[in-house]
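We count ligands from 1, going down the list as the structure has it; atoms in each ligand are counted the same way. Computed from heavy atoms alone, side chains included, the values below leave out hydrogens, waters and symmetry copies.
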Amino acid sequence: QEVDLNNFLNQLVASFESLAHSKHIIFKHSQPHTPHFALFDTDKLEKIVTNLLSNAFKFTPENGRIVIKIDYSDNQLIVQIQDSGIGIEEARLPHIFDRFYQVEEHNNYEGTGIGLALVKELVDLLQGTIEVSSQKGVGTRFELVLPFTPLEKLSNPVVQFERKVNVDESLISA
Ligand code: ATP
Ligand code: MG
């Protein structure tokens with residue numbers, strides 16, 4: 001879809017503010033103010049960011065801290081989500097994107113272990129990358145990089161095509 005990516009993400013992130021408030025979590029959100037019009041599959045983007053933020057809120061105890069940073073560089077969207085939650089042991093990290101995988105020590109949390117498997121699948125479909133780093137008892141950080149097609153670039157050929165049509169029409173009427 002044609003969308004202002006920046007506005008879309010701003011609204012999506014804002015929808016987590018009440019959850020942050022009720023869980024007494026400091027929720028920091030930074031992103032540029034300029035619109036970024038693009039052709040983008042926002043359904044997939046919404047599922048990815050919602051899953052990552054939901055995990056951050058689930059695995060971060062009360063009075064914790066979650067930071068989401070959104071940026072754009074070289075036609076790539078960069079989303080960083082950092083939490084001060086329970087963290088993931090290094091040995092478990094390679095498995096967290098597997099379907100139905102849940103860290104054993106986390107079995108007092110609800111879920112089925114499907115969220116990150118879906119995230120990985122969607123990131124692959126969007127030809128992006130996702131990386132995770134974590135420290136047990138300290139927190140977890142995900143970095144998502146997704147390429148996008150800015151709309152200015154796409155509109156050029158369309159304008160040229162319309163001009164050609166106009167020239168043809170004037171020849172016909174002459
Ligand atoms: P579901 O997403 O299906 O509700 P889930 O959240 O348990 O269940 P995933 O989102 O796939 O499953 O995450 C897999 C596992 O990775 C989690 O069970 C948890 O052990 C670990 N994990 C994911 N995100 C975090 C995080 N931010 N902090 C700590 N552990 C995490
Ligand atoms: Mg999840």
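Looking at Ile68 and Phe16, their side chains never come closer than 4.5 Å, going by heavy atoms from C-beta outward.
The option with the heavy atom closest to atom 9 (P) of ligand 1, from among Leu116, Ile96, Thr60, is Leu116. Checking Gly87, Gly115, Ser84 against atom 2 (O) of ligand 1, the nearest heavy atom belongs to Gly115. Closest heavy-atom approach to atom 17 (C) of ligand 1 within the set Phe57, Tyr109, Phe59: this belongs to Phe59.
The nearest protein atom to atom 27 (N) of ligand 1, hydrogens excluded, is given as Asp83 OD2, 2.9 Å; this is a heavy-atom distance. Among protein heavy atoms, the minimum distance from atom 10 (O) of ligand 1 is reached at Asn55 ND2, 2.9 Å. The shortest contact between atom 12 (O) of ligand 1 and any protein heavy atom is with Gly113 CA, 3.1 Å. Given atom 20 (O) of ligand 1, the protein heavy atom at minimum distance is His106 ND1, 2.6 Å. The protein heavy-atom contact nearest to atom 14 (C) of ligand 1 is Tyr101 O, 3.2 Å. Looking at atom 30 (N) of ligand 1, its nearest protein heavy atom turns out to be Ile88 CG1, 3.3 Å.
Remark: distances from the non-hydrogen atoms of Lys58 to ligand 1 include one below 4.0 Å.
Under 2.8 Å from the Mg ion (ligand 2) lies an N/O/S atom of Asn55, whether from backbone or side chain.
Salt bridge status for Lys58 with Glu110: absent, with no side-chain N to carboxylate O gap under 4.0 Å. With respect to the salt-bridge test (charged N to carboxylate O, under 4.0 angstrom), the residues Lys120 and Asp124 qualify.
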